[in-house]
Amino acid sequence: MVNEIHFLREKLDQQFTGVFEENLIDEIVKTGYLKHIDAGDLLVDIGDEMTHIPLIIKGLVKVIREDQNEEELLLYYLEKGDSCAISYVNCIHHSQSMFRAIADIDTECIMVPVNKIEEWLIKYETWRVFIIDSYHNRLLELVDTIESLAFLKLDERLYKYLKEQVNVTHNKILTITHHEIAQDLHTSRVVISRILKILENKGQIKLGRNRIKVKA
DNA sequence: ACATTAAGTGATT
DNA sequence: AATCACTTAATGT
């Protein structure tokens, strides 16, 4: 038990020192628990009632919106040091999640219980700033994806998507299928294959099975 | 060897 | 840009 607490504190210090004050880190360690999500597993599903807020310690979480036909659209990614402010509001209002959050790779997060959220908002300046910044960041990312949807042609959107994947995975060689890309961008596999081929002919990428190399 | 999944492509809307 | 229909290529059992 004591070991686990030290372990949690270590993880928190790695990601959130300078962000959270000491007393707050103490409280997070006391009331939160560590959760491991394997690649491909769900952190939150559409319709879930939120009881905890995730603070991402390591890994990568993909946040998705789904329509009635089970067709998806990628909204944004959460990385280490991030949280999802949308879930704060869900917690406070006991409303259901509109989004699905899937671990892209093995991910660890600290789950913080709802009842602490509001308490800390009043008690800790750093928590207040963190929550508001988090909300702001999610909003900026959403605006960015809306802009892409509205203003970019699919080929530009796809190339932007590939560059984002490189950033987020820290790897120029993406392990991904055309089908998966099509789902994220809410289009069909055939269309993606075609545009990728054009990008390859232009020398911007190199294609392989389950593999796309993005050239600098 | 056979089945399954990923990717490439022409033709049509 | 989407859909259909079909082919080819790679991978799993």
Side-chain angles (χ1 to χ4, degrees), chain A residues 35-48 54 56-80 82 84-86 96-109 135-216:
Chain A
K35 183 171 184 174
H36 186 97
I37 309 134
D38 290 328
D41 284 356
L42 289 179
L43 174 59
V44 177
D45 202 355
I46 294 159
D48 280 2
I56 313 290
I57 298 302
K58 71 164 231 219
L60 185 63
V61 175
K62 185 161 125 169
V63 180
I64 278 167
R65 177 78 177 138
E66 192 182 84
D67 70 9
Q68 299 82 358
N69 306 323
E70 295 193 345
E71 280 165 354
E72 300 181 343
L73 178 66
L74 172 64
L75 297 178
Y76 49 75
Y77 282 97
L78 301 175
E79 292 177 273
K80 64 180 184 221
D82 282 337
C84 189
I86 314 288
Q96 297 179 339
S97 175
M98 298 171 70
F99 306 140
R100 171 174 296 150
I102 306 171
D104 229 40
I105 55 178
D106 284 11
T107 296
E108 276 174 0
C109 57
Y135 223 100
H136 187 224
N137 286 333
R138 272 351 113 221
L139 183 62
L140 290 180
E141 282 162 339
L142 276 180
V143 167
D144 191 63
T145 64
I146 290 172
E147 274 182 356
S148 296
L149 276 167
F151 303 139
L152 295 185
K153 291 184 200 151
L154 193 49
D155 57 343
E156 299 169 301
R157 244 178 99 208
L158 175 57
Y159 192 57
K160 190 179 165 193
Y161 170 89
L162 293 176
K163 283 189 293 182
E164 191 190 7
Q165 291 291 316
V166 169
N167 271 336
V168 107
T169 59
H170 312 290
N171 194 342
K172 292 201 168 192
I173 297 172
L174 307 172
T175 306
I176 195 166
T177 65
H178 299 184
H179 178 75
E180 288 172 311
I181 298 174
Q183 286 193 326
D184 281 349
L185 299 184
H186 200 167
T187 177
S188 71
R189 196 274 306 165
V190 199
V191 172
I192 295 298
S193 292
R194 283 221 165 89
I195 301 174
L196 284 173
K197 203 76 217 165
I198 293 168
L199 289 177
E200 186 180 40
N201 291 336
K202 282 202 272 180
Q204 292 178 294
I205 57 173
K206 178 93 185 115
L207 295 174
R209 190 185 166 97
N210 291 316
R211 210 184 67 102
I212 298 170
K213 182 178 176 187
V214 181
K215 297 188 181 170

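Reminder, nothing fancy here: chain letters follow the sequence lines and each chain counts from 1. Computed over heavy atoms, backbone and side chain alike; hydrogens, waters and symmetry mates excluded.
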A.B. asks: Using a strict heavy-atom distance below 4.0 Å, which residues from residues 149-166 of chain A are in contact with DNA chain B?
C.D. replies: none
A.B. asks: Can you measure H179(A) atom NE2 to dT3(C) atom C1' for me and round it to whole angstrom units?
C.D. replies: 16 Å
A.B. asks: Does anything in residues 138-152 of chain A form a salt bridge (Lys or Arg N to Asp or Glu O under 4.0 Å)? List the pairs, not counting sequence neighbours.
C.D. replies: D82(A)-R138(A), R138(A)-E141(A), D144(A)-K160(A)
A.B. asks: State, with a plain yes or no, whether a side-chain heavy atom of L42(A) is found less than 4.5 Å away from one of D48(A).
C.D. replies: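 Sidechains of D48(A) and L42(A): no contact.
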A.B. asks: With sequence neighbours left out, write down each residue that passes side-chain contact (heavy atoms from CB on, under 4.5 Å) with E164(A), or none if nothing qualifies.
C.D. replies: Y77(A)
A.B. asks: Sequence neighbours left out, what passes salt bridge (charged side-chain N to carboxylate O under 4.0 Å, His left out) with E108(A)? Give chain and number order.
C.D. replies: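 For E108(A), the residues satisfying salt bridge (charged side-chain N to carboxylate O under 4.0 Å, His left out) (neighbours in sequence not counted) are K11(A).
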A.B. asks: What side-chain donor-acceptor pairs closer than 3.5 Å can you find for residues 198-216 of chain A, not counting sequence neighbours?
C.D. replies:
residue : atom : partner : partner atom : Å
E200(A) : OE1  : K197(A) : NZ           : 2.9
E200(A) : OE2  : L207(A) : N            : 3.0
N201(A) : ND2  : K197(A) : O            : 3.3

A.B. asks: Is it true that atom NE2 of H186(A) has more than 12 heavy atoms of other residues, nucleotides or ligands lying nearer than 6.0 Å?
C.D. replies: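 Yes, the 6.0 Å shell around NE2 holds more than 12 heavy atoms from other groups.
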A.B. asks: Can you list everything that forms a side-chain contact (heavy atoms from CB on, under 4.5 Å) with S188(A)? Sequence neighbours excluded, please.
C.D. replies: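 Only V190(A), V191(A) meet the side-chain contact (heavy atoms from CB on, under 4.5 Å) criterion with S188(A).
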A.B. asks: How would you list, by chain and number, every residue that makes a side chain to side chain donor-acceptor pair (under 3.5 Å) with K80(A), sequence neighbours excluded?
C.D. replies: none
A.B. asks: Using a 4.0 Å heavy-atom cut-off across all strands, classify T177(A) as base, sugar-phosphate, or nothing.
C.D. replies: sugar-phosphate
A.B. asks: Taking I146(A)'s backbone N and O only, do any of them form a donor-acceptor pair with S148(A)'s side chain (distance below 3.5 Å, no angle check)?
C.D. replies: no
A.B. asks: In Å and rounded to the nearest 0.5 Å, what is the CD1 to OH distance from I192(A) to Y161(A)?
C.D. replies: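 If we round to the nearest 0.5 Å, I192(A):CD1 and Y161(A):OH are 8.5 Å apart.
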A.B. asks: Going 5' to 3' through nucleotides 4-13 of chain C, assign each nucleotide B (protein heavy atom under 4.0 Å from a base atom), S (under 4.0 Å only from sugar-phosphate atoms) or - (no protein heavy atom that close).
C.D. replies: B----BBS--
A.B. asks: Does V166(A) reach the side chain of L174(A), with side-chain heavy atoms less than 4.5 Å apart?
C.D. replies: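 V166(A) reaches L174(A) side chain to side chain.
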A.B. asks: Describe, as an angle rounded to 10 degrees, how the axis at the first end of the helix from dA1(B)-dT13(C) to dT13(B)-dA1(C) is tilted relative to the axis at the last end, five pairs per end.
C.D. replies: 10°
A.B. asks: For dA1(C), does OP1 or OP2 lie under 4.0 Å from any side-chain N or O of S188(A)?
C.D. replies: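 No, because none of the side-chain N or O atoms of S188(A) sits under 4.0 Å from OP1 or OP2 of dA1(C).
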A.B. asks: Under 4.0 Å from any heavy atom of chain A: name the first and the last nucleotide of DNA chain B that qualifies, 5' to 3'.
C.D. replies: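 In short, chain A contacts DNA chain B from dT5(B) to dA11(B).
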A.B. asks: For E180(A), check side-chain contact (heavy atoms from CB on, under 4.5 Å) against everything at least two apart and list the hits.
C.D. replies: I176(A), T177(A)
A.B. asks: Taking only residues two or more places apart in sequence or in another chain, which ones pass side-chain contact (heavy atoms from CB on, under 4.5 Å) with D106(A)?
C.D. replies: H36(A), D38(A), A39(A)
